[in-house]
Each structure stands twice: as C-alpha cells, then as structure tokens.
Amino acid sequence: MLLRSAMERPVRCPRIPDPRRPFSSSVIDSVTTSIRPFPDYSPKKSSIRDSEFVDRVTTALKQRRSEPLRSVLSPFASRFRSDHLIWVLPHLRSDLALVVALLRWYRSRKNPIPTEAQAIAAHIAVASGHHGTARHLLYEGLASHKHFVEQVVYTYKYWCSDPSVFDLLFWAALESDRIDEAHNLFSHLVSYGNVVSVDVCNALLARLPVDEMLSVFVQFPVSGVRWNAKSYNIIIHGLCSVGKVGEAHRILLEMEAQASVSPDVVSYSTLIDGYCCVGESRKAMELFDDMSTKGLKPNSFTYNSIITLLCKNGKVVEAERVLLGMVNHGVAPDTVVYTTMINGFCKNGNLPAVDRLVGEMKKSGLVPDAVTYTALIYGLSRSGKMAEADQVFQEMLHKGLNPDEVTYTSLIDGYCKKGKMKDAFHLHNEMLQMGLIPNVVTYTALSDGLCKQGQVEAANELLHEMCAMGLELNLCTYNSLINGLCKSGNIDQAVRTMVDMEAAGISPDAYSYTTLMDAYCKAGEMDRAHGLLREMLDKGIQPSVVTFNVLMNGFCAARMLEDGKRLLGWMVEKNILPNTTTYNSLMKQYCIDKNMKATTEIYRGMCTQGVMPDENTYNILIRGHCRARNMKEACYFHGEMVKRGFHLRDSSYNALIKGLVRKKRLLEARKLFEEMRVAGLVADRDIYNIFIDLNYGQGNMELTLELCDEAVEKWLVESKTNETSKHGL
DNA sequence: TTAGGGTTAG
C-alpha cells in the first residue's frame with residue numbers, strides 16, 4: 001500500500017549534498033545555535049530512611065549473590081517501591097546480571113517498571129559492553145513506555161556516555177517497526193549536536209517508501225550524516241523499484257562526480273537490474289560495459305539480471321551464452337542463475353535442456369532450493385506432464401523443502417490447464433491445510449480452469465468467495481473472466497465485465513482487447529473488431545502479435561484476403577514481427593481457395609523472414625497441395641515434417657492417402673493407412689471402402705473382415721450416435 | 001545495499 005502510494009505520487013529526485021561543502025552557512029548557523037549539551041540528570045534524592053532501606057537491600061543482594069533473588073528480597077518486598085528500584089540500580093552498575101534479575105523480580109510482582117529504570121538498565125548494559133542485553137532492554141522499553149526515547153536521552157550523560165546506545169536504540173526502533181520513534185530519536189540527538197551512525201541511517205532508508213526515503217536522503221546530511229556508497233545504492237534501488245530508472249541513473253552519475261563516494265559493483269548491478277526490469281536491454285548492456293572500463297567486475301547478480309531479461313524475451317539460447325561468458329570470466333553461476341536459466345527453458349517448453357541444466361547444476365555442487373523446485377514443477381505443469389510434476393513435488397517434500405503459494409499455484413494451474421479441476425481443488429484444500437493462504441494468482445488459475453471447462457458461473461462464484469476473503473481481482477483475473485464469457489458466447493457480458501473492470505480502476509490492456517476482438521472476429525463482426533483496434537490504439541495500448549493474428553484469422557475467415565495481406569504489411573511497418581500463426585492463417589485460407597501459388601509465395605516469405613514452420617504449417621501445406629493435386633509437393637512437405645518430428649493430423653492423412661490412391665501409389669497409401677490406424681486416428685469412410693475392396697480383391701480375407709468390423713464400428717455406430725443425438729434422445 | 005519461481009489473448 002505504501003509502495004503503491006509512492007508509485008502514484010511524483011517522486012522528486014533529490015539534490016545530492018556535496019560532501020566537501022556539506023552545509024551552507026545558514027544551515028551551520030541554525031545547527032550551531034540550536035545545539036545544547038546533553039541534560040544533566042541525576043536520580044532524585046532519597047530520604048534518610050529510604051537510603052538506609054536501599055543500603056540494606058543492596059548489601060543483601062550483593063552478599064547473598066548465590067541465593068535465589070526472590071528469597072533474598074522477600075523481607076523487603078512489602079516496602080519496595082519504584083523509587084527504591086531507581087535508587088538501588090546505581091549500586092549494581094558493575095553487575096548487569098543482577099540488574100536484569102532485579103527488574104525481572106520487580107515485574108513479576110505485577111509492578112510496571114518505571115521508564116527511567118528501564119532506560120538506566122539499558123545504559124548499564126551498554127556501558128558494560130553487553131550489547132545483546134542492551135538491545136533486548138531497549139526493545140522492551142520501546143514496547144512498554146511511551147516516552148522511552150526521551151528517557152534514554154535524558155539519563156544518558158549520567159549513566160552511560162557511550163553514543164552506541166543511540167545506534168542500538170535506533171535499530172531497536174526500526175526492527176520493531178517504530179519508524180516514528182527512530183525519527184524522534186534522530187531529532188533529539190540533532191538538538192544535542194549528535195547523530196546516529198550512517199549504518200543505522202541506511203537501515204532506516206531501506207525501510208522507507210521511496211518518497212520518504214528521498215526526503216531523508218536530502219535532510220539528514222544537513223544534520224551531519226555522511227552518506228556512504230551503501231546509502232546511495234539503497235536510493236538507486238528504491239528508485240528502480242518504482243520504475244524511476246532514469247532518476248536512479250542520475251544518482252549514479254552524481255556519485256561518479258563526487259570525490260568521497262564512488263559507485264561500486266552493487267550500484268552498477270542495481271541500476272543494470274532496473275534497466276532490465278523495464279526492458280531497456282541496450283542501456284543495461286552499456287552500463288555492463290562501463291563497469292569493466294571502471295575496473296569493476298560484474299558479479300553473479302549482474303549476470304543474472306541480464307540472463308533474466310533475455311529469458312523473458314524468449315532468447316534462452318542467448319541467455320545460455322551469457323552464462324557461459326560468465327564462467328569464462330571466472331564468475332561461478334550460483335543456484336539463482338541456474339534457476340533463472342531453468343525457468344527460461346521451462347517457459348520455452350524445452351524440457352531436455354532443463355534436465356541438462358539440473359545435471360550441470362548438481363555437478364557443480366549446487367543444491368536446488370525451493371525456488372528451483374518450483375520452477376521445475378512449473379515447467380512440467382506447463383507442458384502438461386502432471387505425473388512428473390507431482391513426482392518432483394514429492395521429491396521436494398522429501399528433501400525437507402517447504403512448498404509455498406507459488407509452488408502450489410504452479411501445480412494447480414497445471415491441473416486446471418488439463419481440465420482436471422477435481423485435482424486442482426484438492427491441491428487448493430491441501431494448501432489451506434498446510435496453513436498457506438491462496439492468493440489472487442491461485443484463484444485466477446482456478447477461475448480460468450473453470451471458464452475453460454465452460455463453467456463460467458462457477459468461476460464467478462469462486463471469485464465472489466475470493467473477494468469476500470478480502471482479495472481483489474487483478475488484470476489477469478478480469479481478462480480470464482472476459483475470455484471465459486467470450487468463449488461461452490456471452491460477448492455482451494464480457495463487454496460489461498470490461499466496463500466493471502475500468503470502474504474498479506483497472507485499465508484494460510492488449511490481452512483484454514485482443515480477447516474481445518477475437519470473439520467479434522469469430523462472430524463475423526469485423527467492424528466491431530476493427531473498432532476495438534482503433535480504441536486500443538487511441539488509448540496508446542500497443543497491439544501484440546496475437547492481436548494481429550486474431551484480426552488475420554477474422555479477415556481470412558471472412559474471405560477478406562486482401563485485407564489480411566495489408567495487415568501483414570502493417571505489422572512489419574509497426575515493427576511487430578509476424579509469427580508462424582500469422583502466416584498459417586493466410587496460407588490456410590489461400591489453400592482453401594486452391595491458390596497454391598499465393599500459398600507458396602507466403603511460405604517462402606515466412607522462411608526468408610526466419611519464421612520456422614510448425615506442425616500446423618505442414619498440415620496446412622500438405623492438405624492444400626493434395627486438394628490442388630500436387631502430390632509431389634505434398635509428399636515433399638510430408639518428408640520434411642517427419643524429419644522435424646511433427647505428426648500428420650487425421651484430415652491430412654485422409655488427403656494424402658486419397659491423393660496417393662488417385663495416383664495409383666497404393667503401396668505408399670497403404671503404409672500411411674496402417675500408420676494412421678496404429679496412431680488411433682479415424683480414416684474417412686471412402687478410404688475404408690478402398691482398402692476393403694483392395695484386400696478383398698487380393699484375397700486377404702482376414703484383413704478384409706478386420707477392416708469391415710472397424711469401419712462398421714467407426715462409421716455406422718458413429719452415424720447412429722449422431723442421429724440419436726440429433727433427435728435429442 | 002543488488003539477482004531467481006506462479007495467473008490472462010491467437
């Protein structure tokens with residue numbers, strides 16, 4: 001929430017204080033005139049009677065050191081007041097253990113310890129060098145006394161005079177999330193001409209939202225704090241984390257311009273990561289080169305940011321080249337770098353490469369951690385290999401690693417994508433039992449799974465439940481819901497959902513528009529789809545290659561091939577490279593029109609552009625050439641697709657077999673027919689008739705009968721089933 | 001003080 005408010009508010013870049021001239025003269029005047037010495041405190045005077053009592057208590061405590069404190073103090077307990085505690089403490093300053101025990105005894109009698117006594121005890125601990133105990137006492141003091149900071153300052157001069165007490169108090173305030181108390185202490189100290197160390201000031205900087213961080217960064221030097229490289233790095237990181245990478249870069253340049261603070265590997269790595277996160281790879285690489293010129297050696301953080309960016313852009317091979325580069329430069333990749341690479345290959349669906357990297361990683365003596373396992377589970381789930389994903393999940397548990405929300409969500413999403421909603425919800429319950437709280441990503445995966453099963457109402461209900469739990473729908477959730485509504489034919493409701501989404505303060509993106517455009521294209525409403533394209537362009541939303549593919553499909557289906565070709569040109573103009581799907585749509589339609597000349601032209605253009613044909617491309621080309629009776633070309637593409645490990649679809653088998661029979665190439669046709677049967681695909685009725693006649697003619701009665709049975713089962717039974725369903729029986 | 005994992009469209 002704080003971060004969000006920082007992102008929304010404009011962040012002003014601070015003016016860097018010049019350490020050579022830290023203060024302007026007016027500031028020096030105002031600081032020096034307001035400085036005063038620490039207060040002269042001394043405990044209030046006791047009466048003679050009280051003094052005698054305190055002496056007796058002190059003597060008993062010291063002389064009977066080995067006895068339980070409770071029994072030593074029991075004769076004094078009824079008279080012992082809070083003032084006595086304060087008067088006894090000076091006598092025990094050389095015995096911290098006794099001080100702590102006395103406080104514990106006093107508290108155990110249901111008496112609140114006075115603020116002054118708590119502060120004094122902390123001072124005694126610092127003065128005796130026991131910083132751990134001091135920290136504990138300071139935590140307690142902050143937690144139970146309203147004016148504890150003031151009291152520590154007030155009693156300082158008399159009891160301690162070791163300024164490290166203020167650093168410890170500052171730490172205690174930060175670690176118990178009392179930022180205001182830390183500020184309060186800072187102001188008090190400034191008024192006495194003192195400041196806490198730069199280390200604790202850095203800890204404060206790192207805990208502040210960006211705008212407050214910047215204001216502290218500018219204000220503290222006025223009081224005498226001298227920032228170091230770590231401070232500047234925290235600022236660079238803060239600015240990068242809210243996307244203000246340009247301003248972060250200015251800070252780095254200011255560091256370079258100064259004599260006292262120079263940017264180090266962390267400064268550069270942080271800024272490089274900032275540029276990588278906003279996708280500015282060129283700037284990131286420039287900085288990477290600058291580092292070497294300045295004699296700074298990139299570390300595994302630096303390399304990992306570059307590798308992450310390349311993987312995100314799908315350039316996994318290039319990313320692995322960077323990994324090899326780092327090894328050659330003597331930087332050993334760690335678990336994080338391997339996990340980044342593994343995740344890159346998982347996203348690419350390249351599971352053999354994932355296996356190879358896991359092997360390499362283990363060979364280097366690195367142990368996969370929970371994040372590595374989650375990436376592996378995600379990769380397997382994405383590829384639909386749920387049995388393997390579950391096996392890795394079990395291995396993770398066996399190794400004593402704790403799955404978290406991300407691990408469970410990866411598995412849940414995998415089951416949802418396979419339509420196994422029962423398994424997905426079982427895991428959802430399991431994570432609840434483990435004490436893990438499903439978040440909006442988990443619910444989006446479940447909701448998307450339900451939508452894809454046609455259960456949009458159930459998805460809606462689930463999301464209502466999610467909202468009742470205090471979670472809010474995000475962009476992905478809305479987009480998934482819009483998709484579910486479109487696919488179930490409720491385009492109007494999908495449009496209304498987009499309106500709701502905007503009302504909830506979430507702006508639609510390229511996904512939202514593309515989904516709706518696809519629905520309109522499939523409904524043949526090209527004008528509406530085009531209108532949406534104009535709307536998204538007006539809003540400055542960059543269409544993706546999928547947006548164009550959706551339109552391309554629409555144009556092709558509406559037989560508007562010229563518009564399709566124009567769209568292809570426009571894509572290139574807009575620097576959005578057409579992919580295999582784009583070309584496949586156009587080729588498919590030209591094939592339907594039996595225009596194999598245009599199809600071949602497009603196929604060649606695609607290859608020239610370096611776009612690789614996929615399984616769909618080959619199936620389209622084979623069917624097209626068969627329809628056009630170009631069996632030579634059809635067989636050539638069949639050979640090519642086999643070489644590349646792709647498979648024919650049933651319609652392509654049918655087309656090829658019929659074409660070959662037509663050309664009397666019966667041996668080849670028979671081979672394909674057998675292959676098709678083995679693959680469990682159904683051949684056309686005509687094809688069965690051809691091979692039944694052929695085998696009968698050749699006297700192969702056994703095979704003839706087998707084919708007759710198969711044909712009856714596949715064709716007659718099926719047509720009867722269709723008949724009954726047609727009549728609603 | 002800096003880096004890695006999960007949700008949406010063809």
Side-chain angles (χ1 to χ4, degrees), chain A residues 199 202-203 205-206 228-238 240-241 264-274 276-277 299-309 311 334-344 346-347 369-379 381-382 403-414 416-417 439-449 451-452 474-484 486-487 509-519 521-522 543-554 579-582 584-585:
Chain A
D199 284 342
N202 283 340
L205 277 184
N228 57 19
K230 195 169 168 179
S231 331
Y232 281 84
N233 293 345
I234 293 167
I235 298 295
I236 290 173
H237 181 242
C240 287
S241 69
D264 57 14
V265 181
V266 178
S267 331
Y268 271 96
S269 300
T270 311
L271 189 56
I272 286 172
D273 187 62
C276 286
C277 285
N299 61 18
S300 62
F301 283 79
T302 333
Y303 280 104
N304 191 63
S305 299
I306 309 273
I307 292 173
T308 304
L309 177 64
C311 287
D334 56 14
T335 307
V336 173
V337 175
Y338 270 111
T339 305
T340 309
M341 275 307 317
I342 286 170
N343 191 48
C346 282
K347 284 211 160 87
D369 62 13
V371 179
T372 322
Y373 270 99
T374 303
L376 286 171
I377 290 167
Y378 162 75
S381 299
R382 242 182 99 98
D404 64 5
E405 293 82 356
V406 183
T407 322
Y408 269 101
T409 304
S410 301
L411 266 178
I412 288 174
D413 185 49
C416 287
K417 289 211 163 53
N439 56 28
V440 63
V441 184
T442 323
Y443 282 105
T444 302
L446 285 166
S447 157
D448 191 59
C451 283
K452 294 215 161 86
N474 68 15
L475 181 59
C476 287
T477 328
Y478 273 109
N479 283 346
S480 159
L481 202 54
I482 289 171
N483 184 43
C486 286
K487 298 289 182 292
D509 67 350
Y511 269 78
S512 334
Y513 277 102
T514 306
T515 309
L516 275 179
M517 281 163 70
D518 183 46
C521 284
K522 289 204 165 98
S544 71
V545 65
V546 183
T547 319
F548 283 102
N549 287 347
V550 157
L551 277 172
M552 182 68 80
N553 261 333
N579 62 15
T580 314
T581 312
T582 329
N584 284 351
S585 294

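Only this structure's heavy atoms are used, side chains among them; waters, hydrogens and symmetry mates stay out. What you see is a predicted model; the values in this text were computed from it and never measured. To find a chain, count down the sequence lines: A is the first, B the second, and so on, and within it residues start at 1.
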query: Counting only N and O atoms by type, is there a donor-acceptor contact under 3.5 Å from the side chain of A:N483 to the main-chain atoms of A:C486?
result: no
Tell me what [X] touches on the nucleic acid: a base, only sugar-phosphate, or nothing, going by heavy atoms under 4.0 Å.
{"X": "A:N202", "result": "nothing"}
{"X": "A:T581", "result": "base"}
{"X": "A:T340", "result": "sugar-phosphate"}
{"X": "A:S381", "result": "nothing"}
{"X": "A:Y378", "result": "sugar-phosphate"}
{"X": "A:S447", "result": "nothing"}
{"X": "A:S300", "result": "base"}
{"X": "A:T477", "result": "nothing"}
{"X": "A:T442", "result": "base"}
{"X": "A:T582", "result": "nothing"}
{"X": "A:V550", "result": "sugar-phosphate"}
{"X": "A:T515", "result": "sugar-phosphate"}
{"X": "A:D509", "result": "nothing"}

query: Just the endpoints, please: which first and last nucleotides of DNA chain B, 5' to 3', lie under 4.0 Å from a heavy atom of chain A?
result: B:dT1 to B:dG10
message: Any donor-acceptor pair under 3.5 Å linking the side-chain atoms of A:D518 with those of A:T515?
response: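 No, no side-chain donor-acceptor pair sits under 3.5 Å.
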- request: Verify the distance criterion only: is there a donor paired with an acceptor across the side chains of A:N584 and A:T581 at less than 3.5 Å?
  value: no
[X] versus [Y], closest heavy-atom pair with distance:
{"X": "A:S305", "Y": "A:C276", "value": "O-SG, 3.5 Å"}
{"X": "A:A375", "Y": "A:I342", "value": "CB-CG2, 4.5 Å"}
{"X": "A:T270", "Y": "A:N233", "value": "CG2-O, 4.5 Å"}

- prompt: Does A:N299 reach the side chain of A:S269, with side-chain heavy atoms less than 4.5 Å apart?
  reply: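 The answer is yes, as the side chains (C-beta and beyond) meet within the 4.5 Å cut-off.
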